[in-house]
Colleague: 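The structure follows.
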Amino acid sequence: MDMIVKNGILVTATDSFVADIGIKNGKIANIAEHIEPWDAEVIEAKEMFVLPGAIDVHTHFQLPFMRTVSADDFVTGSKAAACGGVTSFIDFAIQAKSRALMEAVENRRKEADGKVCIDYSLHAAITDFSEATLAEIPQVIQYGIPSFKVFMIYAKEGWMADDGSLFAVLEKARDCGGLVGVHAENPFVIDYNVAKFLHEGKTEARWHGLSRPNYVEAEAISRAIYWTEITRSRLYVFHMSTKEGVQLVSDARARGLSVFAETCPQYLLLTDEKYEGEEGINYPTGPPLRKKEDCEGLWRGLQAGTISAVATDHCPLTRQQRQMGKDDFTKIPNGLPGIETLLPLVYSEGVAKGRLTMNQLVEVTSATPARLFGLYPQKGSLAIGADADIVVFDPAAKRTLSHSNLHMNLDFSPYEGLEVSGWPKYTLSRGKILARDGQFVGEEGWGRFVPRFYLERVPGALPEEEPAEAVV
Ligand code: URP
Ligand code: ZN
Ligand code: ZN
């Protein structure tokens, strides 16, 4: 063995038990009550949890968006990820108008490869709904990208899909075994509210939230679910923020539909009170922060298994970048940071406060995201043969969150001053220690692009096989 993680409490989505993990060539090679170290490096994990690393399936590093670019690049963002116990992320390759989807993928890989410090993949975000794009979907899946994002808003960015386009992508993805994720908000109602508020001289950050009430998200989710039901396809709702959304997804799943939802720490912890006062300008994100009842509804959704994943929608923006919207809330660039605090917040606010079990934490931050997006069992599990992407998590560690003790490229944290219990002691990526006590000790460029495939045969995604010769 190259390394042994000793005496830890191993936690998967289904089991918890004390054992040693042996690591060889970057993979988990043995799990046993006692593994003799011989000359292997030993990590002592007594009284600590040993988890499959968190997988953040929703990030936006160096995203050009709303007349600026998100503040973390692939180096700073992925370093911060490792410090907080995230061992893989999925960012987006956003198609340019009239250009191929694969071109967006190749361009994004050029930006990330050789820089990322942890393993990563990309969702293909479709913005051009031509026949040519639809015809490319099987090729993208074959390449190892089986998930697509469709924006139901963002006309100004040129990203928005109308219902016909969403319908067409759902049908095509169904035939090829892909998964379609949506940004679900109704743009027409937002635009109507925005125009009214601006006309009335209402320009402060609080009007960002008020222009996008819960029904703006709920209507779009229900429309996406409707088309999913009609097309008999599969749907993933990115960054769900409302209690109404939880109900819609729960009802859809009870009807047997393959509808999955993600929420983010900001929707579990923060409320629209953050939009008030001078600091309010630092909080606009889409969908916006909601009410306490929504936070509670989302926690219940996680407890009940209605929500499948917690990811971050990590889109950091500095105080200076936010100033672009000081006189007009529609010009405040949208997005919140979070990749480094994902695991500690779900532990501290979820497990330590009795809302989730440790197994549920692993389920929503690692195992289910890996399964949904085709990374399982290489990632998201503690099993022999899996990548040794492991977090040794110290539940006794205490931290007070501040941008100054975090590694994201920011002068602001939405959780400034929040005390959390629990922090990763070690983060391992393919058996290499990337972070120790929350400090990065890894290597730039260590991360690799990971092609993703579902274990089941994906009809339409693979080249037509020659029919076998009949044997007589
Ligand atoms: O406001 C947000 N969430 N910005 C990032 C882009 C997106 O819609 O996910
Ligand atoms: Zn979105
Ligand atoms: Zn996003």
Side-chain angles (χ1 to χ4, degrees), residues 55-72 77 81 89-95 104 108 120-127 147-161 166 169 179-187 190 194 205 208-209 211-212 216-217 220-221 224 235-242 245 260-268 270 272 274-275 280-290 309-318 321-322 324-325 329-339 342 369 373 408 410 412 414:
I55 302 173
D56 188 347
V57 296
H58 188 164
T59 67
H60 300 285
F61 297 139
Q62 55 188 79
L63 171 72
F65 180 55
M66 292 186 79
R67 302 184 300 143
T68 188
V69 179
S70 63
D72 266 319
F89 67 90
I90 310 184
D91 205 281
F92 295 83
I94 303 183
Q95 182 186 27
R108 201 68 172 146
Y120 84 105
S121 181
L122 298 167
H123 305 285
I126 304 179
T127 63
S147 52
F148 301 85
K149 184 167 182 180
V150 171
F151 297 96
M152 298 170 82
I153 65 163
Y154 297 144
K156 282 196 201 87
E157 279 70 25
W159 295 351
M160 192 171 93
L166 172 59
V169 174
L179 177 62
V180 178
V182 285
H183 179 133
E185 288 186 283
N186 183 311
I190 298 175
V194 164
H208 166 81
S211 64
R212 304 160 97 125
V216 163
E217 178 180 271
I221 293 177
L235 182 74
Y236 182 82
V237 181
F238 281 104
H239 47 43
M240 191 167 76
S241 64
T242 57
F260 309 95
E262 156 197 297
T263 192
C264 313
Q266 55 269 33
Y267 302 120
L268 291 164
L270 306 178
D272 59 0
K274 292 282 184 197
Y275 292 130
I281 194 168
N282 295 314
Y283 290 88
T285 190
L289 304 175
R290 306 291 182 186
V310 183
T312 65
D313 192 10
H314 179 79
C315 187
L317 297 153
T318 62
Q321 286 176 296
R322 300 283 200 177
M324 291 163 65
F329 71 90
T330 65
K331 299 201 167 60
I332 308 171
N334 286 192
L336 285 172
I339 198 162
L342 167 67
F373 291 104
M408 298 170 282
L410 265 186
F412 159 80

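Remember, it's 1-based here, ligands and their atoms both numbered in the order they're listed.
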Colleague: Name of the H239 N, O or S atom nearest the Zn ion (ligand 2)?
Modeller: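 Nearest N/O/S atom of H239: NE2.
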Colleague: With a heavy-atom distance limit of 4.0 Å, tell me whether D313 approaches ligand 1 through its side chain, its backbone, both, or neither.
Modeller: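 Just the side chain.
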Colleague: Does either side chain, that of T285 or that of Q266, offer a donor lying less than 3.5 Å from an acceptor on the other one?
Modeller: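 There is no such pair (donor and acceptor under 3.5 Å, judged by atom type) between the side chains of T285 and Q266.
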Colleague: What distance do N334 atom CG and I332 atom CD1 have between them, rounded to the nearest 0.5 Å?
Modeller: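 Rounded to the nearest 0.5 Å, the CG-CD1 separation comes to 7.5 Å.
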Colleague: Is the gap between the ring centers of F238 and H123 under 6.0 Å?
Modeller: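 F238 vs H123: aromatic centres under 6.0 Å.
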Colleague: Ring centres under 6.0 Å, that's the criterion: do Y120 and F61 meet it?
Modeller: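 They do not qualify: ring centres at least 6.0 Å apart.
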Colleague: Got an N, O or S from H58 under 2.8 Å of the Zn ion (ligand 2)?
Modeller: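 No, since none of the N, O or S atoms of H58 sits under 2.8 Å from the Zn ion (ligand 2).
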Colleague: Name whichever N, O or S atom of H183 ends up nearest to the Zn ion (ligand 2).
Modeller: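 Minimum-distance N/O/S atom of H183 relative to the Zn ion (ligand 2) is ND1.
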Colleague: Tell me which part of K149 gets within contact of ligand 1: side chain, backbone, both or neither, using heavy atoms under 4.0 Å.
Modeller: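 Only the side chain of K149 comes within reach of ligand 1.
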Colleague: Which option wins on minimum heavy-atom distance to atom 7 (C) of ligand 1: Y154, F65, F238, W159?
Modeller: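 Of the listed residues, Y154 has the closest heavy atom.
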Colleague: Could you go step by step and tell me if F329 and Y275 meet the ring-ring contact (aromatic ring centres under 6.0 Å, His included) rule?
Modeller: CA-CA 11 Å; F329 71 90; Y275 292 130; 10.0 Å; no
Colleague: What atoms of ligand 1 come within less than 4.0 Å of a heavy atom belonging to H239?
Modeller: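 Result: 8 (O), 9 (O).
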Colleague: Would you say the ring centroid of Y283 lies under 6.0 angstrom from that of H208?
Modeller: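 No, the ring of Y283 stays outside the 6.0 Å limit from the ring of H208, centre to centre.
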Colleague: Any N/O/S atom, backbone or side chain, of F151 lying under 2.8 Å from the Zn ion (ligand 2)?
Modeller: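 Of the N, O and S atoms in F151, none lies under 2.8 Å from the Zn ion (ligand 2), which means no.
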Colleague: Using a 3.5 Å distance criterion without hydrogens, assess whether the side chain of T263 forms a donor-acceptor pair with backbone atoms of V310.
Modeller: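 Not a single qualifying donor-acceptor pair exists.
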Colleague: Within the structure, is a non-hydrogen atom of H208 found at a distance of less than 4.0 Å from ligand 1?
Modeller: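 H208 does not count as a contact of ligand 1 under the 4.0 Å cut-off.
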Colleague: Between ligand 1 and L63, is the shortest N or O to N or O distance under 3.5 Å?
Modeller: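 N/O-N/O distance under 3.5 Å: no.
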Colleague: Please find the N/O/S atom of H60 nearest to the Zn ion (ligand 3) and write down its name.
Modeller: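 Considering only N, O and S atoms, H60 comes nearest to the Zn ion (ligand 3) through NE2.
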Colleague: Out of all atoms in ligand 1, which are within 4.0 Å of some heavy atom of G286? Include the element for each.
Modeller: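 Answer, ordered by atom number: 1 (O), 2 (C), 3 (N).
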Colleague: What is the name of the N/O/S atom of D313 that is nearest to the Zn ion (ligand 3)?
Modeller: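 Minimum-distance N/O/S atom of D313 relative to the Zn ion (ligand 3) is OD1.
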Colleague: Report, in ascending order of atom number, the atoms of ligand 1 lying under 4.0 Å from any heavy atom of H58.
Modeller: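 Contacts of ligand 1 toward H58, numbered from 1: 9 (O).
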Colleague: Could you grab the distance from atom CD of Q95 to atom NZ of K149, nearest 0.5 Å is fine?
Modeller: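 If we round to the nearest 0.5 Å, Q95:CD and K149:NZ are 15.0 Å apart.
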Colleague: Between H183 and Y154 (judged by ring centroids, cut-off 6.0 Å), do the two rings come close enough to count as a pair?
Modeller: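 Between Y154 and H183, which both carry aromatic rings, the centre distance is below 6.0 Å.
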Colleague: Consider only side-chain N and O atoms of H314 and D72, and report whether a donor and an acceptor are under 3.5 Å apart.
Modeller: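 Judged by distance alone, the side chains do pair up.
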Colleague: Taking only heavy atoms of T285, which atoms of ligand 1 are found under 4.0 Å from at least one of them?
Modeller: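 Answer, ordered by atom number: 1 (O), 2 (C), 3 (N).
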